[in-house]
Amino acid sequence: MAHNLLSELYEEQKKYRLALYHSRQYQLIESEQIEKRLTDDAGKKIIKAEAERDIAIKQNEVDRQQLYTYLAIAIAGLVILLSMAIFYIYRREQARKAEFQHLNATKDKLFAILSHDLRSPVANLQSKVALTNWGGLSQQQFVQAAQQLATDVRYVSTTLDNLLYWALTQMKGITPHPTRVALAKVVQELVEGLQPMATAKSITVHTAIDPDAYLFADQTHLAIIARNLLQNALKFTQPGGAVSIGYTRQAGLGQLTIRDSGIGMEPERVAQLFRLDKQTARAGTAQEAGTGLGLVLVKELIEANGGQIAVESEVGKGSTFTFTLPSIPHSRQSRNIWHSPEPAMSNSSLTMRT
């Protein structure tokens, strides 16, 4: 600014040489300042551009790292899902394999029941009936044959009932229709129906069922359960032995106990007692035949009616089968009525729960 003022002053004084000098100095300084400002602005733009470029590079690096992270997570998730799918398929195939094995074992068991356990008693029936028709038996032989016929007929009838009912449950499932069932009446009818079997082996049957005991269960299922368990008790009790049937009620459940003084079972047999794919059937103390199907059906029916079954047994000291079902309280005070003579208790046990 000073050179510009001096230039104007010298020009008024008509000192043109000095005015020109100061004018040029002013222009030179002005040019330098303009150039400097332009240089500063360019530098700032360059610095800004470089900063923006660095930021962009870093942002690209961050985006790339995030992409790699997301990709790694996606791959890990895919691997996990694939592993779970493979494991699920493997487990499903293993379950199918186990189911097929079980079905094959069941099929073999059913064929054995049909081909041997039913065919042999039917063949015996045919031969005894033929001898009777021919008149080739003495009076004593006829009486013995009649008793054996009754045993064989009862066995065949029970086996057929169990087989047909079990087949029905496998095809349509077990659908109980629970009602108010008088337990004492059901047990009494079963005891009377099986009295010939007990008499033939001189077995004493003790019953102790409260007349006011009512269960909430399917009456047909209850009859099948109790009949199979009572038949088993009589079957494996030696001549002259005893079978006791008792009842208690607690916590809304009725508990029926069938105890015998029979031959008992080893723990290994107890552990496989309710499995159709395992061979647990054996002859009774009077060489009564058996299939093992009855106990399988018993367990399924008890569980379908909301109960559970437990077994205690020891070789040579008898067996105790105890099962529970929902009960209906009565007006009189519930009491423990187990007072009948008891065979020796045992210590090997297995509990089957729903």
Side-chain angles (χ1 to χ4, degrees), residues 95-96 98-103 105-107 109-110 113 158-183 186-187 190 209 213-233 235 245-260 265 267-281 290-313 319-329 348-354:
R96 287 182 178 178
E99 183 179 359
F100 288 148
Q101 291 176 345
H102 175 73
L103 290 176
T106 301
K107 177 198 68 177
K109 181 68 174 180
L110 292 178
I113 293 172
T158 300
T159 302
L160 281 175
D161 286 344
N162 287 339
L163 183 59
L164 292 175
Y165 202 92
W166 183 81
L168 181 64
T169 63
Q170 297 304 300
M171 290 187 294
K172 297 183 179 181
I174 302 175
T175 305
H177 301 283
T179 58
R180 186 172 182 265
V181 182
L183 180 61
V186 172
V187 172
L190 291 173
I209 307 295
Y214 290 91
L215 298 179
F216 186 68
D218 188 299
Q219 184 165 346
T220 302
H221 292 179
L222 177 60
I224 294 174
I225 294 166
R227 185 184 70 235
N228 275 282
L229 293 179
L230 183 54
Q231 278 182 326
N232 264 12
K235 175 181 173 181
I245 307 172
Y247 174 80
T248 57
R249 180 182 183 276
Q250 55 182 351
L253 293 174
Q255 177 175 288
L256 190 69
T257 302
I258 298 177
R259 181 178 300 164
D260 65 66
M265 295 175 285
E268 294 77 13
R269 186 179 294 274
V270 173
Q272 299 177 353
L273 204 56
F274 299 100
R275 296 180 58 180
L276 191 59
D277 59 333
K278 299 295 183 179
Q279 181 60 41
T280 58
T291 64
L293 179 61
L295 288 179
V296 175
L297 180 59
V298 162
K299 178 178 179 292
E300 291 185 1
L301 293 178
I302 290 175
E303 291 179 346
N305 282 269
Q308 61 185 32
I309 183 169
V311 184
E312 293 183 354
S313 188
S319 302
T320 301
F321 285 77
T322 303
F323 70 91
T324 59
L325 288 174
S327 66
I328 299 176
S348 174
S349 65
L350 166 71
T351 301
M352 312 297 295
R353 299 184 181 275
T354 57

4.5 Å side-chain heavy-atom contact, Glu300 and Val296 = yes
Where do Leu183 and Leu222 land on the side chain to side chain contact (heavy atoms under 4.5 Å, CB included) test, with the steps shown first?
-> CA-CA 9 Å; Leu183 180 61; Leu222 177 60; 4.1 Å; yes
Side-chain heavy-atom pair Phe323, Leu229 within 4.5 angstrom cut-off = yes
Under 3.5 Å: donor-acceptor pair, side chain of Asn305, backbone of Leu325 = no
With rounding to the nearest 0.5 Å, note down the distance linking OG1 in Thr220 to NE2 in His177.
-> 9.0 Å
Please examine the side chains of Thr248 and Thr257, heavy atoms only from C-beta on, and report whether any two atoms are closer than 4.5 Å.
-> no
Worked check of side chain to side chain contact (heavy atoms under 4.5 Å, CB included) between Val298 and Phe321 | CA-CA 11 Å; Val298 162; Phe321 285 77; over 6 Å; no
So, for Pro326 and Gly306, which heavy atoms are closest and what is the spacing to 0.1 Å?
-> CD-O, 4.1 Å
Distance-minimising heavy-atom pair for Leu190 and Ala226 | CD1-CB, 3.2 Å
Minimum heavy-atom distance between Ile225 and Ile302, given as atom pair plus value = CD1-CG1, 3.5 Å
Rounding to 0.5 Å, atoms CG (Leu215) and CD1 (Ile328) come to a distance of 8.0 Å
For the atom pair OG1 (Thr322) and CG (Leu256), what is the distance rounded to the nearest 0.5 Å?
-> 8.5 Å
Any side-chain heavy-atom pair of Asn232 and Asn228 under 4.5 Å | no
Mind checking the CE-CD spacing from Met265 to Glu312? Nearest 0.5 Å is all I need.
-> 10.5 Å
Of all heavy-atom pairs linking Ser313 and Val270, the shortest is CB-CG2, 4.0 Å
Between atom CD1 of Ile245 and atom CG of Leu230, what is the distance when rounded to the nearest 0.5 Å?
-> 4.5 Å
Applying salt bridge (charged side-chain N to carboxylate O under 4.0 Å, His left out) to Arg96 and not counting sequence neighbours gives Glu93
In Å and rounded to the nearest 0.5 Å, what is the OG1 to CG distance from Thr320 to Asp260?
-> 7.0 Å
Across all chains, not counting sequence neighbours, the side-chain hydrogen bond (donor to acceptor under 3.5 Å, both in side chains) partners of Ser327 are Arg249
List the atom of Ala233, the atom of Ile258, and the distance in Å for their closest heavy-atom pair.
-> CB-CG2, 3.9 Å
